[in-house]
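The structure presented is a predicted model; accordingly, all values stated were derived computationally and were not measured. Chain letters run A, B, ... following the sequence lines, proteins first, then strands; residues in each count from 1.
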2 protein chains.
Amino acid sequence: MKKSATIYDISEKLNISAATVSRALNDHPKISQKTKELVMKAAKELNYKQNTLAQALKSGKTNNIGIIVPYINTNFFSSLIRGIEEELSPHGYHVIICQSHEDVDLERKQLNTLLNAQVDGIFMSVSKTTEDISHIEAAKESNTPIIFFDRKKDIAGISTVTIDDYKGGYLATEHLIKQGCRRICHLSGDLRLEIYQNRYNGYIDALKDNKLTFKEEYVFPIKSSIEDGVEAIKTLWNLSSPPDGIFSASDYAALGACQQLKKKNISIPEDVAIIGFSNEPFTQYMELPISSVDQTPDIMGKISAQVFLEYMNENFSGISIEKKVVLNPQIHIRKSSKRK
Amino acid sequence: MKKSATIYDISEKLNISAATVSRALNDHPKISQKTKELVMKAAKELNYKQNTLAQALKSGKTNNIGIIVPYINTNFFSSLIRGIEEELSPHGYHVIICQSHEDVDLERKQLNTLLNAQVDGIFMSVSKTTEDISHIEAAKESNTPIIFFDRKKDIAGISTVTIDDYKGGYLATEHLIKQGCRRICHLSGDLRLEIYQNRYNGYIDALKDNKLTFKEEYVFPIKSSIEDGVEAIKTLWNLSSPPDGIFSASDYAALGACQQLKKKNISIPEDVAIIGFSNEPFTQYMELPISSVDQTPDIMGKISAQVFLEYMNENFSGISIEKKVVLNPQIHIRKSSKRK
DNA sequence: TTGTAAGCGTTATCAC
DNA sequence: GTGATAACGCTTACAA
């Protein structure tokens, strides 16, 4: 293992002190131009690479940030991570990714190893099983800034970047009503998570505001899979008066619903109008494109990163403001719900 | 900024040396059980967290690995990264992700910052514009293990994990021939990349082995977009004898082709059979599901990680073997190419 | 403008 | 079993 050159190797070669080398490398104003040039040249020759580790130990700043998500390979989270990376990379940060697998124990472990690794900040979207939040509160004590995106918990002092899921649910439902739907059902996600609860609340209020009665039997719990959408149709079409509109909290369940309805020869959107949530890429590729509510994960990622950068600046000057950014959901109307 | 406890805080509290504390924490065999217990208890009380940074500086091992991909938010790369993370996380590694945006200059920069950050290993898939590979060869000199996955370059001493793209192209083409296709065209990817060149070669050889003549005009270059697939059909259907089979190096172009053919009222698979590449999730969701060649990115990620772990062990004992793992592509036959 | 020396938090090598 | 000390590579008062 050939070890790489250090500032001492440069200092020896040039017969100057390591401190001077360090300063020259950092473009310190009080170092003569000539010395700087000499140092730069020697650095090139020796193939010197800054050891950011030593620098980090000294300064207490690693220039690493950590992200914890349930799974990285979904369109939503990977787009979000891309947004964060692209915003932070130009500022010299490296992005460490961790998966919680929707498991609070793993989430806790990941959070702690990130803290041990001295990351400068942590971005996270909590798992479905995160009810006890003591690990996050403990992490807050370490003074490492934490930022929640999408799936948040209410903890004083922690900034959040989310979309207005309530509004998303409201707009989607209202859209179906405007298309003439009167018996609208909701395929609801895991209500332990705020985001799904909010979409549900938006659905309920849109019904209410339009004088439509809410029916318990029109709410079908799903797990964001195609199969669940299929099941939903099977169950709902056993009712005395089946729905004429479907607002699904998941695009996958919406897809399953479409498939099953087609099997039953029920036409979309004439007999049943459908709208999903997340604007998964596939929704627009279908022969029958599916309407959906876009969460703009790329923007959410970029904004989260900006909130972090602002925090780093504020904190530098001693101030620190908790931010709660709420983005507007973008509704995409496609064939599955457009009756004209 | 409340700074966290160090081994010195523990050593003061217990009136023992920091060295002893360190040894107790690391379960050194020569430390008495009583001391260990005392130290553990004090560590808990002081909320001591191991500073992995200091440890890394001392040991030269950061337990971080870096991944460089063109973009993280594609199904292929995000699944691959997931595979690497899940294999390496249990071994205590953190995964840093970087994007090259298909730009060799950015790739070089990312590679160098990863090296500066002293990562223990680098996984990369080269960008489309990577022709000069001097930055990778220079990185090799640092003795940081590098592993190519999917998009590789031939560099002595660097292990690679890829799928057999040649075989993928061959099997896909052969499948079309078995379905009765005689005029098979190929929507080819960027031939600067080995993977696309190999798929192309597989196509050519399958034609040859089945006594079908290769026609230059049946090869249409694409950029993995839906629009390119649409364009391909427009152009190819101007030929005196248009194709009756399409092997696309990209699922997106295959989708575009399907859309355009439908517009022209040409039936799939009866008039034209189509098969794509990558097995993007959407291919199976379509009303007309599209056949495709699966690159099994999850497996590719896990194997890449294993190659890295093996290297770390071998290197420990002074040996080091260059590995070239080639995975078998999995062909998924769906409606778009199944004539029965 | 440059040099000296201390320190960031660990761990490894000697001692005892 | 445990303690003292040096070292990992860098930055930064304080001196000169």
Side-chain angles (χ1 to χ4, degrees), chain A residues 1-40 42-43 46-64 92 115-120 142, chain B residues 1-40 42-43 46-64 92 113 115-120 142-143:
Chain A
M1 191 68 109
K2 192 192 318 171
K3 16 188 293 178
S4 43
T6 71
I7 50 172
Y8 284 94
D9 297 321
I10 299 180
S11 78
E12 265 183 43
K13 181 174 173 130
L14 298 178
N15 271 315
I16 57 177
S17 76
T20 304
V21 174
S22 170
R23 284 186 274 244
L25 253 16
N26 290 312
D27 203 24
H28 189 106
K30 297 204 167 174
I31 296 292
S32 74
Q33 201 52 43
K34 206 176 62 186
T35 308
K36 281 182 188 170
E37 280 163 16
L38 244 38
V39 169
M40 291 305 177
L46 295 173
N47 190 27
Y48 168 80
K49 303 261 182 222
Q50 158 100 278
N51 184 334
T52 52
L53 219 55
Q55 199 176 221
L57 177 60
K58 187 80 176 79
S59 68
K61 193 165 181 308
T62 55
N63 281 300
N64 287 157
L115 252 23
N116 285 176
Q118 316 279 112
V119 292
D120 296 339
S142 72
Chain B
M1 191 66 109
K2 193 191 319 171
K3 16 188 291 180
S4 42
T6 71
I7 49 173
Y8 282 95
D9 297 320
I10 299 179
S11 78
E12 266 183 43
K13 181 173 173 133
L14 299 178
N15 271 314
I16 56 177
S17 78
T20 304
V21 174
S22 170
R23 282 186 277 241
L25 253 16
N26 290 310
D27 203 25
H28 188 107
K30 296 201 166 175
I31 296 293
S32 74
Q33 200 52 41
K34 204 176 62 188
T35 309
K36 281 181 189 171
E37 280 163 17
L38 245 37
V39 169
M40 290 306 176
L46 295 173
N47 191 27
Y48 168 79
K49 302 263 182 221
Q50 158 100 279
N51 185 333
T52 52
L53 223 53
Q55 201 176 220
L57 176 60
K58 188 80 175 73
S59 69
K61 192 166 182 308
T62 55
N63 281 299
N64 287 157
T113 63
L115 252 21
N116 287 176
Q118 314 283 117
V119 292
D120 296 340
S142 72
N143 280 315

So salt bridge (Lys or Arg N to Asp or Glu O under 4.0 Å) across residues 24-36 of chain B, not counting sequence neighbours, yields B:Asp27-B:Lys36
Contact span of DNA chain C against chain B, any nucleotide atom under 4.0 Å from a heavy atom, 5' to 3', runs C:dG9 to C:dT13
Ordered by number, residues from residues 27-35 of chain B within less than 4.0 Å of DNA chain C (heavy atoms) are none
Hits for salt bridge (Lys or Arg N to Asp or Glu O under 4.0 Å) against A:Lys49, two or more places apart or cross-chain, chain-then-number order -> none
Separation between OG1 (B:Thr62) and CD (B:Gln55), nearest 0.5 Å, reads 11.0 Å
message: Using a 4.0 Å heavy-atom cut-off, does B:Lys61 contact any base of the nucleic acid, only the sugar-phosphate backbone, or nothing at all?
response: nothing
Those residues at least two apart in sequence (or on a different chain) that pass side chain to side chain donor-acceptor pair (under 3.5 Å) with A:Gln118 are none
The side chain to side chain donor-acceptor pair (under 3.5 Å) partners of A:Ser32 (sequence neighbours excluded) come to A:Thr35
By side chain to side chain contact (heavy atoms under 4.5 Å, CB included), A:Leu115 pairs with (sequence neighbours left out) A:Asn112, A:Ile122, A:Ala139, A:Ser142, A:Thr144
Applying side chain to side chain contact (heavy atoms under 4.5 Å, CB included) to A:Ile10 and not counting sequence neighbours gives A:Leu14, A:Val21, A:Val39, A:Ala42, A:Ala43, A:Leu46, A:Tyr48
Atom CG of B:Asn51 and atom P of D:dC8 are separated, to the nearest Å, by 18 Å
So side-chain hydrogen bond (donor to acceptor under 3.5 Å, both in side chains) across residues 6-18 of chain A, not counting sequence neighbours, yields A:Lys13-A:Glu45, A:Ser17-A:Thr20
Separation of D:dC8 atom P from A:Asp9 atom CG, nearest Å, is 11 Å
- [ ] Would you mind classifying the nucleic acid contact of B:Ile16 as base, sugar-phosphate or nothing, using non-hydrogen atoms under 4.0 angstrom?
- [x] sugar-phosphate
The side chain to side chain donor-acceptor pair (under 3.5 Å) partners of A:Asn63 (sequence neighbours excluded) come to A:Lys61
5' to 3', nucleotides 11-16 of chain D under a 4.0 Å protein heavy-atom cut-off (B base, S sugar-phosphate only, - none) gives BBB---
Sorted by chain and residue number, the side chain to side chain donor-acceptor pair (under 3.5 Å) partners of A:Ser22 (sequence neighbours excluded) come out as none
